Peer 1: 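Next up is a structure, given as structure tokens.
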Amino acid sequence: MKITNDIIYVGVDDHKVDLFEGQFDVPNGMAYNSYIIMDEKIAIMDSVDKNFKDEWLNNIKNALKDKIPTYLIVSHMEPDHSANIIELINLYPNIIIASNAKSFKMMEQFFNKKIENKIEIKEGDILELGKHQLKFFAAPMVHWPEVMISYDLYDKVLFSADAFGKFGANDYDDPEGWACEARRYYFGIVGKYGVQVQALLKKLEGVPINHICSLHGPILSENLDYYINIYDTWSKYEAETKGVFIAYASAYGNTEKAALMLKEKLNKEGIKVAIADLAREDLHESIEDAFRYDRIVLATITYNGGIFPIMDHFISELLERGYQNKKIAIIENGTWAPMAAKVIQSKFEKSKNITFIEPFVKILSAPNENTEKELEILANNLK
């Protein structure tokens, strides 16, 4: 597939993987993207997962025909993008590996050998291919420390490493569009590093871009301001959508009943609501929604003097990713000593710009008339 007259896609789709990085459910597969820039000097942009070595090498051979590549640009050393570096060297012994010092150190660790034929890239360096010139930007911790991105000055193509990536194979036509699985990908994998993403976006201010070529997901060629602006929103930890996300953990259905009652009351007020049973729904989709909406309700039973384990884990995942700039409401349930509200408040003590919305609704075993009155007040305060 041609992206421009000189840039060719040689990546692969993976429909065998069930868990990406061993933890993210990917029912629609994954794409491992790789590209070739055809010029006086030919550059291959990144490798793919080890399970697709043969398909990737065949894609390269078909694209190059009898031509020999000059460079392999390595922008990110995560194995789904670097696994076949040695295989490519074996096929093209004179190929020059272009990357940065941290990447070369990682290559030694992954492959137990030094790369001899190499060129070390630093921030701001430009690699001449002919009419195409690649300018390099360091992007540390987006989302590994060695990450760098490349910008083709001729075709104005940004090779963005994992930035702007998403879950899902490229041959899957996602009816929900790019943002849904890109959001889950971002907050699952990159979300902790908002400051670093902001630093990268500042480096790119004023850079004209015609295409964004990520290492995962489709080539982005239209409405690029949308993708850049949404990355800006996500990395600033700002809400993308005005609405309420209700996350609940219920042992016998009583806390769930209260959560559903609140949802109904909010719906009647015309408020957009998403709701998740944390024990049964995909954890990373719940994390995504927690960041997406500007208000969140945490509903849980008291458990061993704390909160239900799945709620505890969920909150830990939010805190690890720098959760901030949110309004939080609480529904707690306890038969003899409700403690959930106190425990939840303490967990967010060090978080930035968190506002708790009262009343904290207290259920003693099961919802009653008083619960309904408190939920009515809470729904009004969540407007």
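Since the structure is predicted, the reported quantities are computational estimates derived from the model, not experimental observations.
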Peer 1: For W178 and Y227, I'd like to know if the aromatic rings sit close, meaning centre-to-centre distance below 6.0 Å.
Peer 2: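 So the answer is yes for these two rings.
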Peer 1: Would you give me the side-chain donor-acceptor pairs under 3.5 Å for residues 60-74, sequence neighbours excluded?
Peer 2:
unit_1, atom_1, unit_2, atom_2, d
N62, ND2, N58, O, 3.2
T70, OG1, I42, N, 3.4

Peer 1: Charged N to carboxylate O under 4.0 angstrom, E120 versus K118?
Peer 2: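 Answer for the salt bridge query: no.
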Peer 1: Using a strict 4.0 Å threshold on nitrogen-to-oxygen distance, state whether E205 and K202 make a salt bridge.
Peer 2: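 Judged by the 4.0 Å cut-off on N to carboxylate O distance, E205 and K202 do not form a salt bridge.
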Peer 1: Could you check N5 against K2 for side-chain hydrogen bond (donor to acceptor under 3.5 Å, both in side chains), going step by step and ending with a plain yes or no?
Peer 2: CA-CA 7 Å; N5 286 336; K2 278 198 166 189; 5.1 Å; no
Peer 1: Less than 4.0 Å between a side-chain N and a carboxylate O, is that true for K265 and E376?
Peer 2: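 Yes.
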Peer 1: Using modelled atom types and a 3.5 Å cut-off, is there a donor and acceptor pairing between side-chain atoms of Y193 and backbone atoms of W144?
Peer 2: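 Checked: no pair found.
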Peer 1: Side-chain heavy atoms under 4.5 Å apart, restricted to Ile/Leu/Val/Met/Phe/Trp/Tyr: what other residues fall into the cluster of I377, or is it alone?
Peer 2: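 Besides I377, the hydrophobic cluster comprises nothing; the residue is isolated.
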Peer 1: Let me know which of D49, D162, N33, D46 forms a side-chain hydrogen bond (donor to acceptor under 3.5 Å, both in side chains) with H81.
Peer 2: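 With H81 as partner, side-chain hydrogen bond (donor to acceptor under 3.5 Å, both in side chains) holds for just one option, D162.
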Peer 1: Under the rule for side-chain hydrogen bond (donor to acceptor under 3.5 Å, both in side chains), what residues qualify as partners of S82, not counting sequence neighbours?
Peer 2: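 Applying side-chain hydrogen bond (donor to acceptor under 3.5 Å, both in side chains) to S82 gives none.
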Peer 1: Would you check if there is a donor-acceptor pair between the side chains of D289 and S286 at a distance under 3.5 Å?
Peer 2: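 Note: S286 and D289 side chains miss the donor-acceptor criterion.
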Peer 1: Return a table of donor-acceptor pairs under 3.5 angstrom between the side chains of residues 336-360 and protein atoms on other chains or two or more places apart.
Peer 2:
unit_1, atom_1, unit_2, atom_2, d
S346, OG, V343, O, 2.6
K347, NZ, D312, OD1, 2.7
N353, ND2, N325, OD1, 3.0

Peer 1: Run the side chain to side chain contact (heavy atoms under 4.5 Å, CB included) test against K113 and tell me which residues pass, sequence neighbours left out.
Peer 2: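 Result, side chain to side chain contact (heavy atoms under 4.5 Å, CB included) vs K113: I86, F111.
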Peer 1: Could you give me the CA-CA distance, side-chain angles and deciding distance for H284 and F24, then say whether ring pair (Phe, Tyr, Trp, His ring centres under 6.0 Å) is met?
Peer 2: CA-CA 7 Å; H284 296 101; F24 300 100; 4.3 Å; yes
Peer 1: Should the ring pair F291 and Y323 be called parallel, tilted or perpendicular, given that the plane angle runs from 0 to 90° and is split at 30 and 60?
Peer 2: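 Because their plane-to-plane angle is over 60°, the rings of F291 and Y323 count as perpendicular.
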Peer 1: Aromatic rings Y186 and Y231: how do their planes relate, parallel, tilted or perpendicular, breaks at 30° and 60°?
Peer 2: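 Perpendicular.
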Peer 1: Salt bridge check, E369 against K373: does any charged N sit closer than 4.0 Å to a carboxylate O?
Peer 2: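 Answer for the salt bridge query: no.
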Peer 1: Please check: side-chain N/O of S214 versus main-chain N/O of G217, any donor-acceptor pairing under 3.5 Å?
Peer 2: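 Between the backbone of G217 and the side chain of S214 there is no qualifying donor-acceptor contact (under 3.5 Å).
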Peer 1: To which residues is Y154 joined in a hydrophobic cluster, defined by side-chain heavy-atom contacts under 4.5 Å among Ile, Leu, Val, Met, Phe, Trp and Tyr, whether direct or through other members?
Peer 2: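 None; Y154 is a cluster of one.
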